[in-house]
Protein chains: 2
Amino acid sequence: MKKSSNGNLYLVVIGCGKVGANVASKASAIGHNVVVVDKDEKAFENLSIEFTGFTISGDATEKDVLLEAKVDKADYIFVLTEDDNTNFLISMACKYYFAAKNVIARVYEPDNIKLFEEYNVKAISPTLLAIEKLSDIVVGDEK
Amino acid sequence: MKKSSNGNLYLVVIGCGKVGANVASKASAIGHNVVVVDKDEKAFENLSIEFTGFTISGDATEKDVLLEAKVDKADYIFVLTEDDNTNFLISMACKYYFAAKNVIARVYEPDNIKLFEEYNVKAISPTLLAIEKLSDIVVGDEK
């Protein structure tokens with residue numbers, strides 16, 4: 001991840017399930033400024049107790065919520081809800097309303113990866129990562 | 001993966017969804033002997049057209065099906081259905097009825113990983129792999 005001149009980045013994490021909370025907590029721990037958005041306020045309980053960022057409870061498919069999270073100022077936006085369609089919609093909104101450059105989304109269905117990447121969203125696919133890991137075992141190249 | 005003296009291994013892959021089919025196809029392509037088990041015969045359509053292994057349509061939670069797949073002779077057993085409980089049950093059956101040594105299971109819920117590992121099943125967690133990948137991005141250590 002590219003650092004800004006003072007080394008601190010502004011990150012928006014959308015979706016505070018296990019994955020989102022883990023990424024947000026880690027980013028906060030190493031000094032980045034983090035805002036986490038989730039529809040369900042209870043999700044913020046997944047954050048580490050040391051988390052020093054901000055939380056917004058709201059639906060990130062709504063433009064106003066993205067505006068409140070200042071996605072237009074974000075160095076990186078992580079779109080990590082549990083639904084590919086929702087992640088695609090939010091990613092597109094970030095890019096086209098707010099000209100966000102670095103949008104990274106979780107993509108469950110490997111067939112969807114191409115769509116995200118066509119629109120310059122970096123796709124992280126748990127399924128594909130599992131296939132890679134298992135293939136490493138099969139070919140004897142496990143790290 | 002440890003090779004036997006002639007380099008060919010006998011692998012059983014249980015669950016022929018995207019992940020299972022991919023692993024089975026890859027293993028077959030590099031010359032291993034592969035048997036794939038799935039409840040749904042249609043799942044075998046996920047296999048590559050070059051797949052030269054065997055397929056068994058049956059419920060791998062049943063001992064007879066595991067016996068038919070010769071899990072007692074398998075060098076590695078990949079347990080890759082889409083349900084953690086099913087994967088745990090099958091993994092345990094492989095280990096305790098058939099003394100299988102190398103059982104590798106897909107585990108969705110990260111909280112379940114510990115349980116699998118306590119029983120010497122190697123757990124591959126797509127969620128954890130995604131967290132690791134995203135953390136690499138956050139800390140600027142992406143490979």
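Letters go in sequence order (proteins before strands), and every chain restarts at 1.
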Pick one of side chain, backbone, both or neither for B:L129, based on which atoms fall under 4.5 Å of a heavy atom in chain A. both

I need the contact set between residues 87-96 of chain B and chain A: heavy-atom distance under 4.5 Å, sorted by residue number. none

If hydrophobic clusters are built by linking Ile, Leu, Val, Met, Phe, Trp and Tyr wherever their side-chain heavy atoms come under 4.5 Å apart, do A:V139 and B:F51 end up in the same one? yes

Is the shortest side-chain heavy-atom distance between A:Y76 and B:V138 below 4.5 Å? no

Residue B:L80 versus chain A: region with a heavy atom under 4.5 Å: side chain

Joint cluster assignment, B:F78 & B:V34, ILVMFWY side-chain distance < 4.5 Å: yes

Would you say the side chain of A:I124 lies within less than 4.5 Å of the side chain of B:I137, judging by non-hydrogen atoms? yes

Hphob cluster co-occupancy, B:L134 + A:L128, side-chain heavy atoms under 4.5 angstrom: no

Side chain to side chain contact (heavy atoms under 4.5 Å, CB included) partners of B:D111, counting only residues at least two apart: A:K18, B:E109

Residues in side chain to side chain contact (heavy atoms under 4.5 Å, CB included) with B:Y108, at least two apart? B:E82, B:D84, B:R106

So, using side-chain hydrogen bond (donor to acceptor under 3.5 Å, both in side chains) as the criterion, who are the partners of B:D59 when residues are at least two apart? B:T61

Within this structure, what is the NZ-CD1 distance for the pair A:K26 and B:I131, rounded to the nearest 0.5 Å? 7.5 Å

Neighbour count above 12 (heavy atom, 6.0 Å) for B:F54 CZ: no

ILVMFWY network linking B:V19 to B:I104, side-chain heavy atoms under 4.5 angstrom: yes

